[in-house]
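Note that the numbering runs from 1 along the sequence shown for the chain.
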Amino acid sequence: MASKTRTFALPDIKNKIRRSALYKQEKLRKNKEKRIKNFKRKQQEADGQEEPAPKKVPRTIENTRIFDETVVDAQDEEVLNDEETDELAPYFRREFTPKVLITSSVNVKAKTLQFVEELHRIIPNSEIFVRRGYDLKKIIPEAAKRGFTALIVVNEDRKVPNGILVTHMPDGPTAHFKLTSVKLGKEIRNHGRNTGHRPELILNNFSTRLGHSVARVLASLFPYDPQFKGRQCVTFHNQRDFIFFRQHRYIFKNAKKTGLQELGPRFTLKLRSLQRGTFDSKYGEYEWIHKRKEMDTSRRKFFL
């Protein structure tokens with residue numbers, strides 16, 4: 001009578017050393033089979049016997065985002081009509097050159113002042129105003145009288161810049177951002193220096209109606225005609241509702257290779273609110289407010 005060969009599952013083997021050795025053998029065997037299978041498939045594809053396998057797209061939070069009905073195409077007629085009549089339409093019709101006033105909250109410390117100075121270097125045709133306790137409701141109309149088209153206020157908490165308010169004049173809108181991950185230019189290894197040329201502006205991945213509005217708020221801080229000879233570009237990249245800011249210079253190594261040199265600073269913005277008109281904390285009409293408990297119900301839900 002023939003004896004039956006008894007097989008064991010790896011978890012049934014009590015000896016840890018023996019179980020570990022068998023597990024490694026099994027893993028090597030499966031990897032070898034996989035390599036042989038892939039080699040044969042590539043040979044068949046090269047000989048035309050088999051069609052190339054479709055490239056696998058990894059699942060990410062971005063490509064599995066929850067559907068948002070406000071996502072629009074850049075050439076959507078309804079969006080274009082709305083943008084032709086909003087508060088920032090004169091800028092995009094090139095009826096004026098942006099002039100920006102930059103200030104801070106009261107009694108700020110060194111790092112915030114340095115960040116304000118770097119914003120001044122980044123944004124052409126901008127000026128710094130020392131706050132000295134002046135109320136924003138008095139600063140805004142006075143700045144509008146003097147020809148400024150936008151006001152940027154950098155707020156501070158625990159000696160670190162933690163917020164940015166951008167209000168456009170005379171009719172708004174006003175956007176309030178949380179500010180994080182601030183890294184000044186001098187803190188970036190091998191950083192370059194700003195040459196004062198008007199930079200090229202890159203706005204990436206603002207796909208919803210709200211995203212379009214925020215992108216327009218940021219775009220209208222910069223002159224419409226960049227000086228390409230300066231080879232400088234400013235990027236606002238939206239990813240998962242975090243807006244990453246970078247400034248670079250193109251470096252042409254030879255006729256075929258191009259590199260980037262970071263100029264700094266680096267920082268990250270997250271929209272807290274979008275308000276109609278100029279800043280008014282008491283009577284302002286808000287288009288959108290981030291309510292964390294109500295809105296942050298899923299990691300795959302984005303608003304910009």
Side-chain angles (χ1 to χ4, degrees), residues 82-109 112-157 161-179 198-199 201 203 209-210 212-225 234 236 243 245 267 269-290:
D82 289 345
E83 291 178 348
E84 285 177 2
T85 57
D86 68 8
E87 302 93 329
L88 297 175
Y91 162 77
F92 288 95
R93 291 197 294 264
R94 307 191 186 192
E95 295 179 5
F96 66 86
T97 300
K99 186 179 179 183
V100 181
L101 184 65
I102 306 174
T103 187
S104 64
S105 52
V106 183
N107 298 325
V108 294
K109 304 304 177 184
T112 303
L113 290 174
Q114 292 170 3
F115 180 68
V116 167
E117 290 173 358
E118 294 217 358
L119 286 181
H120 170 54
R121 285 193 287 270
I122 292 167
I123 303 174
N125 203 26
S126 63
E127 295 181 19
I128 296 175
F129 173 72
V130 181
R131 184 79 173 269
R132 293 174 184 165
Y134 291 103
D135 188 74
L136 282 180
K137 290 183 180 179
K138 294 180 180 179
I139 295 175
I140 292 172
E142 186 63 28
K145 285 181 185 177
R146 297 189 181 189
F148 289 97
T149 61
L151 172 69
I152 296 177
V153 183
V154 180
N155 295 316
E156 177 186 273
D157 183 41
N162 75 326
I164 287 182
L165 181 78
V166 180
T167 185
H168 286 275
M169 298 174 286
D171 301 316
T174 299
H176 180 221
F177 300 94
K178 180 181 178 181
L179 174 65
R198 295 190 297 272
L201 183 63
L203 297 160
R209 291 295 295 268
L210 177 63
H212 275 239
S213 298
V214 172
R216 288 168 71 82
V217 167
L218 297 172
S220 50
L221 297 173
F222 295 84
Y224 214 99
D225 50 341
V234 164
F236 291 95
I243 303 171
F245 174 89
F267 57 86
L269 302 174
K270 189 171 177 65
L271 184 67
R272 289 305 185 205
S273 66
L274 185 65
Q275 180 183 344
R276 293 182 183 275
T278 54
F279 174 74
D280 190 337
S281 60
K282 192 172 183 180
Y283 301 107
E285 180 186 353
Y286 288 88
E287 293 185 36
W288 187 87
I289 299 178
H290 180 248

Undergrad: If you round to the nearest 0.5 Å, how far is CD1 of Ile102 from CD1 of Ile152?
TA: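 One finds 5.0 Å between CD1 of Ile152 and CD1 of Ile102.
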
Undergrad: Ignoring hydrogens and geometry, is there a side-chain-to-backbone donor-acceptor pair from Tyr91 to Phe222 under 3.5 Å?
TA: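 Yes.
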
Undergrad: Picking from Thr112, Asn162, Asn107, what satisfies side-chain hydrogen bond (donor to acceptor under 3.5 Å, both in side chains) with Glu156?
TA: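 Of the listed options, the one satisfying the test is Thr112.
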
Undergrad: With Arg209, which residues qualify under side chain to side chain donor-acceptor pair (under 3.5 Å), at least two apart?
TA: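 Here the qualifying residues are Asp82.
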
Undergrad: If you round to the nearest 0.5 Å, how far is CD of Glu285 from CZ of Arg276?
TA: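 One gets 5.0 Å once the value is rounded to the nearest 0.5 Å.
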
Undergrad: Heavy atoms only: give me the nearest Leu201-Ala219 pair and the separation to one decimal.
TA: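 So the minimum-distance heavy-atom pair works out to CD2-CA, 3.5 Å.
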
Undergrad: Closest approach of Leu274 and Leu210, non-hydrogen atoms and distance?
TA: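 Closest approach of Leu274 to Leu210, heavy atoms only: CD2-CD1, 3.9 Å.
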
Undergrad: Please determine whether side-chain contact (heavy atoms from CB on, under 4.5 Å) holds for the pair Ile139 and Leu101, giving the CA-CA distance in whole Å, both sets of side-chain angles, and the decisive distance to 0.1 Å.
TA: CA-CA 10 Å; Ile139 295 175; Leu101 184 65; 4.2 Å; yes

Undergrad: Donor-acceptor check, side chain of Thr103 to backbone of Phe129, threshold 3.5 angstrom: yes or no?
TA: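 Looks like yes, one N/O pair under 3.5 Å.
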
Undergrad: Suppose the criterion is salt bridge (Lys or Arg N to Asp or Glu O under 4.0 Å): which pairs have a residue in residues 96-108, not counting sequence neighbours?
TA: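 The answer is none; no pair qualifies.
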
Undergrad: Assess whether atom CG of Asp225 is packed by more than 12 heavy atoms of other residues, nucleotides or ligands within 6.0 Å.
TA: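 Enclosed.
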
Undergrad: Does NZ belonging to Lys109 count more than 12 external heavy atoms closer than 6.0 Å?
TA: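 At most 12 heavy atoms, drawn from other residues, nucleotides or ligands, come within 6.0 Å of this atom.
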
Undergrad: Under the salt bridge (Lys or Arg N to Asp or Glu O under 4.0 Å) test, which residues partner Arg216, sequence neighbours left out?
TA: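 By the salt bridge (Lys or Arg N to Asp or Glu O under 4.0 Å) rule, Arg216 matches Glu83, Asp86.
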
Undergrad: Does anything in residues 138-148 form a salt bridge (Lys or Arg N to Asp or Glu O under 4.0 Å)? List the pairs, not counting sequence neighbours.
TA: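 Qualifying pairs, neighbours excluded: Glu142-Arg146.
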
Undergrad: Taking C-beta and beyond as the side chain, do His168 and Leu221 meet within less than 4.5 Å on heavy atoms?
TA: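 Yes, side chains in contact.
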
Undergrad: State which residue, out of Phe115, Phe177, Phe236, fulfils the ring pair (Phe, Tyr, Trp, His ring centres under 6.0 Å) condition with Phe245.
TA: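 Going through Phe115, Phe177, Phe236 one by one, the ring pair (Phe, Tyr, Trp, His ring centres under 6.0 Å) with Phe245 is satisfied by Phe236 alone.
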
Undergrad: Could you report the tightest heavy-atom contact between Leu203 and Ala215, atom names first, then the distance?
TA: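 Shortest heavy-atom separation between Leu203 and Ala215 comes out as CD1-O, 3.7 Å.
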
Undergrad: Donor-acceptor check, side chain of Thr278 to backbone of Met169, threshold 3.5 angstrom: yes or no?
TA: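 No; zero donor-acceptor contacts below 3.5 Å.
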
Undergrad: What's the shortest heavy-atom distance between Phe279 and Thr174, and which atoms?
TA: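 Nearest pair, atom of Phe279 first, then Thr174: N-OG1, 3.2 Å.
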
Undergrad: Between Ile289 and Gln275, does a side-chain contact (heavy atoms from CB on, under 4.5 Å) hold up when you go through it step by step?
TA: CA-CA 8 Å; Ile289 299 178; Gln275 180 183 344; over 6 Å; no

Undergrad: Less than 4.5 Å apart, side chain to side chain, heavy atoms only: is that true for Thr149 and Pro98?
TA: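 Counting from C-beta outward, Thr149 and Pro98 do come under 4.5 Å.
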
Undergrad: State which residues pass side chain to side chain donor-acceptor pair (under 3.5 Å) with Glu87; sequence neighbours excluded, sorted by chain then number.
TA: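 Partners of Glu87 under the side chain to side chain donor-acceptor pair (under 3.5 Å) test: none.
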
Undergrad: Tell me if a side-chain donor or acceptor on Arg198 pairs with a main-chain N or O of Pro124 at a distance below 3.5 Å.
TA: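 No: the side chain of Arg198 does not pair with the backbone of Pro124.
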
Undergrad: Can Val108 and Val116 be said to form a side-chain contact (heavy atoms from CB on, under 4.5 Å), step by step?
TA: CA-CA 10 Å; Val108 294; Val116 167; over 6 Å; no

Undergrad: Between Ile243 and Val214, is any pair of side-chain heavy atoms under 4.5 Å apart?
TA: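 When only atoms from C-beta onward are counted, Val214 and Ile243 do touch, with a gap below 4.5 Å.
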
Undergrad: Taking the side chain from His120 and the backbone from Ser126, do they hold a donor-acceptor pair closer than 3.5 Å?
TA: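 Checking the backbone N and O of Ser126 against the side chain of His120, a donor-acceptor pair under 3.5 Å is found.
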
Undergrad: Rounded at 0.5 Å granularity, tell me how far NZ in Lys178 sits from NE2 in His290.
TA: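 Lys178 atom NZ to His290 atom NE2 measures 9.5 Å (nearest 0.5 Å).
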
Undergrad: For residues 127-136, pull every pair meeting side-chain hydrogen bond (donor to acceptor under 3.5 Å, both in side chains), keeping only residues two or more places apart or in separate chains.
TA: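 Non-adjacent pairs meeting side-chain hydrogen bond (donor to acceptor under 3.5 Å, both in side chains): zero.
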
Undergrad: Closest approach of Leu179 and Gly163, non-hydrogen atoms and distance?
TA: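 Closest approach of Leu179 to Gly163, heavy atoms only: CB-N, 3.5 Å.
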
Undergrad: Going through the checks in order, is the side-chain contact (heavy atoms from CB on, under 4.5 Å) test met by Asn155 and Ile164?
TA: CA-CA 6 Å; Asn155 295 316; Ile164 287 182; over 6 Å; no

Undergrad: How close do Val217 and Pro173 get, heavy atom to heavy atom, and via which atoms?
TA: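 Nearest heavy atoms, Val217 then Pro173: CG2-CG, 3.8 Å.
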
